[in-house]
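Take a look at the structure below.
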Amino acid sequence: MDDIYKRLDIDRDPIEQKAYKNKQFDVTLGLLERRIHGQRTTVREVLAQALQPKQHPKGTSTHAALLQLARCQDGALRLVTTNCDRIFERVTEDTGQTIQSYTAPMLPVPKSSRWNGLVYLHGLLPQKDDDTTALNSLVITSGDFGLAYLTERWAARFVSELFRNYVVCFVGYSIDDAVLRYMMDALAADRMLGEVTQQPYALCDCQSGQEHIKTIEWKAKGIIPILYEVPPRSRHSALHKTLKAWAESYRDGIRGKELIVVTCALARPSSSTRQDDFVGRMHWALSDASGLPAKRFAERNPVPSLEWLKAFSEKRYRHNDLINFGVSPRGDQDDKLQFSLIRRPAPYKHASWMMLASNGMMSVVNSGHQNEYQAASFCS
């Protein structure tokens, strides 16, 4: 923002300064466009110059990690960015990837069978600074947001379908972000109309001792925060390192999970911390449906500490985790349901059958393994 004013060689007027101080950057840019000569075209050409990324390998490693994490098991890419710079384009070119890009307002229908690519929800900077059509399509001012989310509503429709069909995790947003506000307003409107939407999450920075208040603030917006601590004068290095490590484990598939088991099995769970939650990583690895990471844990020599039994008996899982264990949850949310890794509901394919008759004699045989999240099978 400061770079735009510097390139235009002007200062913010009192109204723009007030909006800027309140972090209403979309309002600030809207006011600026109306004030200067050339208005919209001039500001956007300068914006394109200011947003040219610096050529530094480390500056794109997080973007590469996000591209990896956004890949589904079938190889489809489902990533949405509200940035309009071309860093993702550069990463895909440097790594030889071929992906489909969708640029606002020409957006795909966000459903599993129709969407495979990277969505630039608020537009993409053109390769040439004088591409007026592309520059005018950028959603950067309060007026642009009004058109995209309130008047024409093409962005609101996309966001509504996105939350309806997918679990969304926000990365790199602050709680005061205008983009976040417009998105969550669209989601709130859908919920008021009775629409069923998925619970969104966000990776959020937090100062030590502020965890409780931060959690309340984010939940007030309808988002569950995944907090990470940012020491004073830090530039979110913990988040970047986490995304890269997560992408590497995800890229390696089952081998990545086995590596977690091999690395963490001989540690004592009591030494796990919120900053280095290797117990949580172990839970994630061992819950793999193939059973291979669990087999690797069982075959470890020397044998892992008995402390792991206590860690595995912790009731870490809730209703939304059922699907991860092959159990189809009921439609109604069961907020009271809690289960652990070693005591949990069984998937249908692991349940014993129930029979009403056996050997010509009428009897009732209870498998003793049914639960309210399974449909019992009846055989004659």
Between the side chains of D26 and S142, is a donor N or O closer than 3.5 angstrom to an acceptor N or O?
no
Can you establish whether the number of heavy atoms outside L306 located under 6.0 Å from its atom CG is more than 12?
no
Starting at OH of Y182, measure out to CZ of F145 and round the result to the nearest 0.5 Å.
6.5 Å
Please name all residues satisfying side-chain hydrogen bond (donor to acceptor under 3.5 Å, both in side chains) with Q338, sequence neighbours left out, ordered by chain then number.
none
Side chains of S290 and D288: donor-acceptor distance under 3.5 Å anywhere?
yes
Considering all heavy atoms of both residues, which atom of H122 and which atom of V179 are nearest to each other, and what is their separation?
CE1-CG1, 3.7 Å
Is the backbone of S270 close enough, under 3.5 Å, to the side chain of E307 for a donor and an acceptor to pair up by distance?
yes
Before you tell me yes or no, could you show the steps for F170 and Y201 under ring pair (Phe, Tyr, Trp, His ring centres under 6.0 Å), namely the whole-Å CA-CA distance, both residues' side-chain angles and the distance that decides it to 0.1 Å?
CA-CA 6 Å; F170 292 98; Y201 297 81; over 10 Å; no
Apply the test side chain to side chain contact (heavy atoms under 4.5 Å, CB included) to residues R281 and D276: give CA-CA distance (whole Å), side-chain angles for both, the deciding distance (0.1 Å), then the verdict.
CA-CA 9 Å; R281 296 197 295 275; D276 183 16; 3.0 Å; yes
Could I get the full list of ring pair (Phe, Tyr, Trp, His ring centres under 6.0 Å) partners for Y5, not counting sequence neighbours?
none
First locate atom CG of L51, then atom CD1 of I4, and finally report the distance between them rounded to the nearest 0.5 Å.
6.5 Å
Salt bridge (Lys or Arg N to Asp or Glu O under 4.0 Å), that's the test. Do D185 and R181 meet it? Break it down for me.
CA-CA 6 Å; D185 284 347; R181 184 176 71 249; 5.0 Å; no
With clusters defined by side-chain heavy atoms of hydrophobic residues (ILVMFWY) lying less than 4.5 Å apart, directly or transitively, does F163 cluster with L107?
yes
T263/F278 under side chain to side chain contact (heavy atoms under 4.5 Å, CB included): CA gap, chis, key distance, verdict
CA-CA 9 Å; T263 304; F278 64 83; over 6 Å; no
Are V159 and V168 co-members of a hydrophobic cluster defined by side-chain heavy atoms under 4.5 Å apart?
yes
State, to 0.1 Å, how close P329 and I323 come at their nearest heavy-atom pair, and which atoms those are.
CD-CD1, 4.4 Å
So, E161 and N165: side-chain donor and acceptor under 3.5 Å apart, yes or no?
yes
Out of curiosity, S137 OG to L125 CG, how far, rounded to the nearest 0.5 Å?
11.5 Å
Any donor-acceptor N/O pair, N83 side chain to D85 backbone, under 3.5 Å
no
Pair E195-T197, side-chain donor/acceptor within less than 3.5 Å
no
Do the ring centers of Y120 and Y102 come within less than 6.0 Å of each other?
no
Just wondering, more than 12 heavy atoms not from D11 lying within 6.0 Å of its CG?
no
Can V262 be reached from Y250 by stepping across I, L, V, M, F, W or Y side chains whose heavy atoms are under 4.5 Å apart?
no
More than 12 non-hydrogen atoms from neighbouring residues, nucleotides or ligands closer than 6.0 Å to CZ on R268, yes or no?
no
Under 6.0 Å between ring centres: does that hold for Y166 and W115?
yes
Before you tell me yes or no, could you show the steps for T242 and H236 under side chain to side chain contact (heavy atoms under 4.5 Å, CB included), namely the whole-Å CA-CA distance, both residues' side-chain angles and the distance that decides it to 0.1 Å?
CA-CA 10 Å; T242 297; H236 307 278; over 6 Å; no
Working to the nearest 0.5 Å, report the span between OG1 of T62 and NZ of K244.
4.5 Å
Sequence neighbours excluded, which residues qualify as side chain to side chain contact (heavy atoms under 4.5 Å, CB included) partners of R153?
A156, R157
Would you sort out whether D131 and R44 count as a salt bridge (Lys or Arg N to Asp or Glu O under 4.0 Å), showing the intermediate values?
CA-CA 10 Å; D131 187 339; R44 286 165 194 252; over 6 Å; no
Co-membership, hydrophobic cluster, residues I140 and L147, 4.5 Å side-chain
no
What closest approach, in Å, do S208 and E211 show between heavy atoms, and which atom pair accounts for it?
CA-OE2, 4.0 Å
Separation of Q199 CD from I223 CD1 (nearest 0.5 Å)
8.5 Å
Let me know which of F325, W284, F312 forms a ring-ring contact (aromatic ring centres under 6.0 Å, His included) with Y317.
F325
Main chain of A267, side chain of W308: is a donor-acceptor contact present, judged purely on distance under 3.5 Å?
yes
Heavy atoms from other residues, nucleotides or ligands near CD1 of I15 exceed 12 (cutoff 6.0 Å)
no
Is W154 atom CH2 crowded by more than 12 heavy atoms from other residues, nucleotides or ligands, each under 6.0 Å away?
yes
Interatomic distance, CZ@R344 vs NZ@K315, rounded to 0.5 Å, equals 15.0 Å
Step-by-step salt bridge (Lys or Arg N to Asp or Glu O under 4.0 Å) determination, D144 to R40
CA-CA 11 Å; D144 298 328; R40 188 179 183 88; 3.0 Å; yes
Heavy-atom closest pair (R164 atom, V196 atom, distance to 0.1 Å) is CG-O, 3.6 Å
Is there a side chain to side chain contact (heavy atoms under 4.5 Å, CB included) between R191 and L187 once you walk through the steps?
CA-CA 6 Å; R191 287 176 172 171; L187 178 61; 3.9 Å; yes
So for atom CZ, which belongs to R255, do other residues, nucleotides or ligands contribute more than 12 heavy atoms lying within a distance under 6.0 Å?
no
Minimum heavy-atom distance S340-E314, with the two atoms named
CB-O, 3.2 Å
Mind listing the closest non-hydrogen atom pair of I36 and L8 along with its distance?
CD1-CD1, 4.0 Å
So if you build clusters from Ile, Leu, Val, Met, Phe, Trp, Tyr with side-chain heavy-atom gaps below 4.5 Å, do M1 and L138 land together?
yes
